[in-house]
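Reviewing the structure listed below.
Numbers here simply count residues along the sequence, with the first being 1.
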Amino acid sequence: MAEPRWKPVTAWEGIAAPGLFGRIDGAPGVIIELGGHVGMASVSAPAAALGAHYGLALTEAPRAYKIGDMTLIWTAPAQWLATSDDRSLADRLGAALSGVAAVADQSDARAVVRLSGPKARDVLAKGCLVDLHPRAFGPGQVAMTVFGHINVMLRQIDERPTFEIALFRSMAESFWHWLGAAAGEFGADIRG
């Protein structure tokens, strides 16, 4: 008898599917990219120790730092979330940061979604208490906030603007209900 093989699925499997959604006239106002299988790790270390290891001036402030193929995101004092397309990220960091930081794999614990397009800020403003005006929130900035009743990490990636939201995987369906309702008015092109 053959052993069962488990098929990895993203957090959005059975919840959201690619295609056009909401308003049907005109171009979609928002592009929603459903995150797939990415590497994530929580890293516990003071900014000074982690910064010294990488030769960077990291601060204890809500910011994101690009380090090679990894993005290191401040989430709380001495707490970071590292992300990469490399699923072996936690193993790599565990070896590289031995004696500097505690590292735990979070790759399958979170759902990730990216929003961009001319109405991305408007969609996010419907559920977030963070001031998202370009003068107040720009590329590299991070906020630990709440959409509805769901705790999320919100990060602006670029000037376009592109926003990334990471939340606990168990909340993906509830978040999707909110996001679909918020984006429908503007029309959405769902990718992923």
Side-chain angles (χ1 to χ4, degrees), residues 4-42 62 64 69-73 75-76 79-90 104-130 132 137 141-158 160-192:
R5 295 195 179 217
W6 298 101
K7 176 188 168 213
V9 296
T10 72
W12 305 111
E13 188 83 20
I15 296 172
L20 298 177
F21 175 80
R23 190 193 77 209
I24 57 172
D25 60 321
V30 64
I31 297 167
I32 301 172
E33 297 175 69
L34 305 172
H37 300 286
V38 297
M40 289 187 159
S42 61
D69 72 338
M70 170 182 75
T71 301
L72 190 61
I73 305 162
T75 59
Q79 299 297 311
W80 308 83
L81 181 65
T83 66
S84 172
D85 287 335
D86 179 6
R87 293 275 297 173
S88 68
L89 177 66
D105 191 1
Q106 297 291 314
S107 299
D108 294 316
R110 304 202 187 204
V112 178
V113 64
R114 287 188 175 179
L115 275 72
S116 59
K119 296 296 183 180
R121 285 185 200 277
D122 296 316
V123 170
L124 295 175
K126 289 183 176 187
C128 173
L129 297 176
V130 175
L132 297 174
F137 197 84
Q141 289 189 285
V142 176
M144 301 307 290
T145 188
V146 174
F147 280 88
H149 64 283
I150 302 164
N151 293 320
V152 304
M153 181 213 54
L154 172 67
R155 172 172 70 107
Q156 186 173 337
I157 296 173
D158 57 31
R160 190 175 170 194
T162 303
F163 297 93
E164 183 175 80
I165 300 167
L167 56 137
F168 290 112
R169 183 183 186 115
S170 61
M171 299 304 292
E173 187 169 5
S174 291
F175 181 79
W176 185 254
H177 287 297
W178 173 84
L179 182 58
E185 168 190 1
F186 305 111
D189 181 359
I190 304 166
R191 301 174 182 175

Query raised in the report: Any side-chain heavy atom of Cys128 within less than 4.5 Å of one from Leu154?
Result: yes
Query raised in the report: Relative to each other, are the rings of Phe137 and Phe163 parallel, tilted or perpendicular (30° and 60° limits)?
Result: parallel
Query raised in the report: About how many Å separate CG of Leu179 and CG of Leu124, when rounded to the nearest 0.5 Å?
Result: 8.0 Å
Query raised in the report: Is there a donor-acceptor contact under 3.5 Å from the side chain of Arg23 to the main chain of Ala188?
Result: no
Query raised in the report: Which atoms form the tightest heavy-atom contact between Ala11 and Ala111, and what is the distance?
Result: CB-CB, 3.4 Å
Report summary line: Between Pro161 and Gln156, the two heavy atoms sitting closest are CB-NE2, 3.6 Å
Report task. Work out which heavy atom in Asp122 is nearest to a heavy atom in Pro118; give both atom names and the distance. Result -> OD2-O, 4.2 Å
Query - Validation row: Thr83, Val38 side chains within 4.5 angstrom (heavy atoms) - result: no
Query raised in the report: Would you find a donor on one side and an acceptor on the other, under 3.5 Å apart, between the side chain of Trp12 and the backbone of Val112?
Result: yes
Report task. Drop me the distance from Ser84's OG to Leu72's CG, to the nearest 0.5 angstrom. Result -> 11.5 Å
Report task. Go through the steps for Asp85 and Asp69 under the test side-chain contact (heavy atoms from CB on, under 4.5 Å), then give the verdict. Result -> CA-CA 8 Å; Asp85 287 335; Asp69 72 338; over 6 Å; no
Query raised in the report: So, do Leu115 and Val123 sit near enough that their side-chain heavy atoms are less than 4.5 Å apart?
Result: yes
Query raised in the report: Could you give the distance from CG (Leu34) to OG1 (Thr10), rounded to the nearest 0.5 Å?
Result: 7.0 Å
Query raised in the report: Residues two or more places apart in sequence or in another chain: which of them pass salt bridge (Lys or Arg N to Asp or Glu O under 4.0 Å) with Asp105?
Result: none
Query raised in the report: Going through the checks in order, is the side-chain contact (heavy atoms from CB on, under 4.5 Å) test met by Leu89 and Met70?
Result: CA-CA 8 Å; Leu89 177 66; Met70 170 182 75; 3.9 Å; yes
Query raised in the report: Do Arg160 and Ile31 touch side chain to side chain, with heavy atoms closer than 4.5 Å?
Result: yes
**Report entry** Flag side-chain contact, heavy atom, 4.5 Å: Arg155 against Ile73
**Finding:** yes
Report task. Can you measure from CZ (Phe147) to CG (Leu129) and round to the nearest 0.5 angstrom? Result -> 9.0 Å
Requested in this report: Output every pair passing side chain to side chain donor-acceptor pair (under 3.5 Å) with a member in residues 172-192, not counting sequence neighbours, ordered by first then second residue.
Outcome: Lys126-Glu185, Asp189-Arg191
**Report entry** Step-by-step side-chain contact (heavy atoms from CB on, under 4.5 Å) determination, Ile190 to Leu20
**Finding:** CA-CA 6 Å; Ile190 304 166; Leu20 298 177; over 6 Å; no
Query raised in the report: Can you list every pair that meets side chain to side chain donor-acceptor pair (under 3.5 Å) and has a residue in residues 108-118, with sequence neighbours left out?
Result: Arg87-Asp108, Arg114-Glu164
Query raised in the report: If we only count heavy atoms from C-beta on, is the Met144 to Pro62 side-chain gap below 4.5 Å?
Result: no
**Report entry** Side-chain (Ser107) to main-chain (Met40) donor-acceptor, under 3.5 angstrom
**Finding:** yes
Report summary line: Note: Ala172 and Ile15 closest approach over all heavy atoms is CB-CD1, 4.0 Å
Query raised in the report: Stepwise, does the side-chain contact (heavy atoms from CB on, under 4.5 Å) test hold for Phe175 with Ile165?
Result: CA-CA 10 Å; Phe175 181 79; Ile165 300 167; 3.8 Å; yes
**Report entry** Side chains of Glu33 and Val113 in contact at under 4.5 Å (non-hydrogen atoms)
**Finding:** no
